[in-house]
2 protein chains.
Amino acid sequence: MYELLYKKITENITITEAEFEFCKTLFQPKKLRRKRFLLGEGEVCKYTAFVEKGLLRSYIIDEKEAEYVLQFSMEGWWVADLSSFLTGEPSEFNIEALEDCELLLITRPSWSLLLEKIPAFERYFRILIEKNLIVTQRRLIASFTNTAEEKYQKLVQNFPHILQRVPQHMIASYLGITPETLSRVRGQMTARK
Amino acid sequence: MYELLYKKITENITITEAEFEFCKTLFQPKKLRRKRFLLGEGEVCKYTAFVEKGLLRSYIIDEKEAEYVLQFSMEGWWVADLSSFLTGEPSEFNIEALEDCELLLITRPSWSLLLEKIPAFERYFRILIEKNLIVTQRRLIASFTNTAEEKYQKLVQNFPHILQRVPQHMIASYLGITPETLSRVRGQMTARK
DNA sequence: CTTGTGTCAAGAAATAGCCTTGATCTGCGT
DNA sequence: ACGCAGATCAAGGCTATTTCTTGACACAAG
C-alpha cells in the first residue's frame, strides 16, 4: 500500500527506514469509489491525500452552474485544496474520484507533526510545491498565449495516457476551451496526418 | 422551504409560531443532486436530514461488494445513520440521493439545543422513533415469514408510488431478494390477472 | 475581413444501467 | 428422497444517459 509513497518520497529526499515507518503511522488509507467525493464545496479540506491508485479531478462550479476542472491527480500525486487545508476555511473545490481510488490521507495535525519530527520533509514538500507552482505558472501563461490546439498538444505530450482515462469534455474544461472546440481541433489534427 | 417540516411536526405536537421560527434557525437547507451522497461509509454522520423534496436510499456494502438497501427516504421523512449520529463513530451507511433533493440538515449540537429549548420535540422525536421501530420490526418478521411475492405486495400496498421512482433492482435489494426473483414474481402476478 | 473560438442546436455514437429469461444449483421441510 | 422457493450464472435486449461531433452563426482581435 505504501510502496508508491516511499518511492516518491525517496526520489526527492533521503530518509531512514525507521523514519518512514513513523511516517506511515501518520497516514490513514482510504478507498474512494468512482464518482465519490473526497471534498465537496462548502466543506473544510481536512486531509491532504496521496494517490496510490486511481485518478481524481478537482473542479469548481461557478454561479452559472458551469464546471471548471483545475486539476487531474493521478498515481503518485498529491491532492487537496491547499488553501482550505492550511487556513481551515471552507473550500470551493470539489474533488471527485474519476476511477476507484486508493488514497493515503494525512490530517493537518499529523502533517505538522511529520514536518516537526522529520525536517527532511520540509524539503520534500518545498520541492513538491515548487514543481506545482512552476506547472501552474506555465498553465497560466499558456492560457494567455497558446491556441486551443497548442494547449491540447502540450497536454498530450505531458500526459499521453490521460486521454484514455478521462472524457474529452473534462479535458476541454481543464484546457479552458469548449468541448466543441476540442472536438474540432482533434478532427483537424488527425485529418492532417 | 419549511412548509413540509412544519406540517409534519404539527401533525404530532403543538408548537407556537415563535417556537417554529426558532426551530427553523437550527436547520441548514441543502440541495443534493441526484447520485450524490449525503453520507459515505467511513464518515461520521454529522447531520440528521429532513427530506423536503426528493428521494434517498440508505444502503450498506458488504465484503463481497454487494449492496443492501436498508431504507428509502422520501418527502416528509427523516434520514440519517442514527447510530453514527448519536455516538460519533464512523458510519457503515451510504446515503445517496436517487433524485435531486432538498434537505434540511440539523447537527447534533443544534438538535440537542432544540430538545432542550422546546421539550415538545422530545415527544415528537419519540413518536418518530416509535413508528420507525414498529416498521422495522415488521420488516424483520416479514423477512422470516413472507415469500418474495408477499413482501413485494406489501411494499406495493404501503408505497404504491415508489415503483415509479426507484429501479427494480433496488426494490429487490430492499426486500432481500434477487432482481431475478423480483422480475419473475412480477411476471407471474401480471400473468395471473 | 480573416482567424480563432464561443454559443446554440441537433444528432450520432458509445456506454452504462436496467430488466427479463433460461438453465442450473441449493437448502429446507415434508 | 422429492419438490419448492429462491439463489446463482449467463446471455440478451431495451432504454436512458453520457459523450462526442457537426453545422450554422456570432463576435472580438489582430
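Computed over heavy atoms, backbone and side chain alike; hydrogens, waters and symmetry mates excluded. Every chain is numbered from 1, with letters handed out A, B, ... down the list of sequences.
Here C:dT20 is the nucleotide among C:dT5, D:dT8, C:dT20 with the atom lying nearest to any side-chain atom of B:Q168. For B:R186, the listed nucleotide lying nearest its side chain is C:dT20; candidates were C:dT20, C:dC18, D:dA7. For B:P167, counting side-chain heavy atoms from C-beta on, the closest listed nucleotide (D:dT19, D:dT8, C:dC18) is C:dC18.
Using modelled atom types, one finds no donor on one side chain facing an acceptor on the other under 3.5 Å when comparing A:N158 with A:R138.
Distance A:F144 CZ to C:dT5 C1': 17 Å, rounded to the nearest Å. One can place CD of B:E65 at 18 Å from C1' of D:dT8, the figure rounded to the nearest angstrom. Here the P atom of nucleotide D:dC20 and the CD1 atom of A:I171 are 9 Å apart, to the nearest Å. In this structure, B:E96 places its CD atom 13 Å from C1' of C:dG17, rounding to the nearest Å. Between B:I177 atom CD1 and C:dT20 atom C1' the separation is 14 Å, expressed in whole Å. As a whole-Å value, the separation of A:L175 CG from C:dT5 C1' is 14 Å. We find that CD of B:E149 is positioned 14 Å from P of D:dA7, with the value rounded to whole Å. Atom CE in A:M189 sits roughly 15 Å away from atom P in C:dG4 (whole-Å rounding).
Heavy-atom distances to DNA chain D give each of B:R34 and B:V185 a nearest nucleotide, and the one nearer the 5′ end belongs to B:V185. The 5' end of DNA chain C is approached more closely, in terms of each residue's nearest nucleotide, by A:K151 than by the other of A:K151 and B:H169. Of the residues near DNA chain D, A:P179 and A:K35, the one whose nearest nucleotide (by heavy atom distance) lies more toward the 5' end is A:K35.
When heavy atoms are screened at a 4.0 angstrom cut-off, A:T147 is found touching the sugar-phosphate backbone but no base atom. When heavy atoms are screened at a 4.0 angstrom cut-off, A:L182 is found touching no nucleic acid atom at all.
For A:R139 and A:Y174, the positive end sits near the middle of the six-membered ring, less than 6.0 Å away and at most 45° from its axis.
Note on B:T178: a side-chain N or O is less than 4.0 Å away from OP1 or OP2 of D:dA7. For B:S183 and C:dC19, the shortest distance from a side-chain N or O to OP1 or OP2 is not below 4.0 Å.
Taking NZ of A:K151 as the reference point, atom OG1 of A:T145 lies at 8.5 Å (rounded to 0.5 Å). Separating the NZ atom in A:K46 from the CZ atom in A:R108 is a distance of 14.0 Å, to the nearest 0.5 Å.
Under 3.5 Å, the side chain of B:R184 and the base of C:dG22 form at least one donor-acceptor pair of N or O atoms. Looking at B:E180, its side chain comes within 3.5 Å of the base of D:dC9 through a donor and an acceptor atom.
The aromatic rings of B:F27 and B:W78 are tilted relative to each other, their planes meeting at an angle between 30° and 60°.
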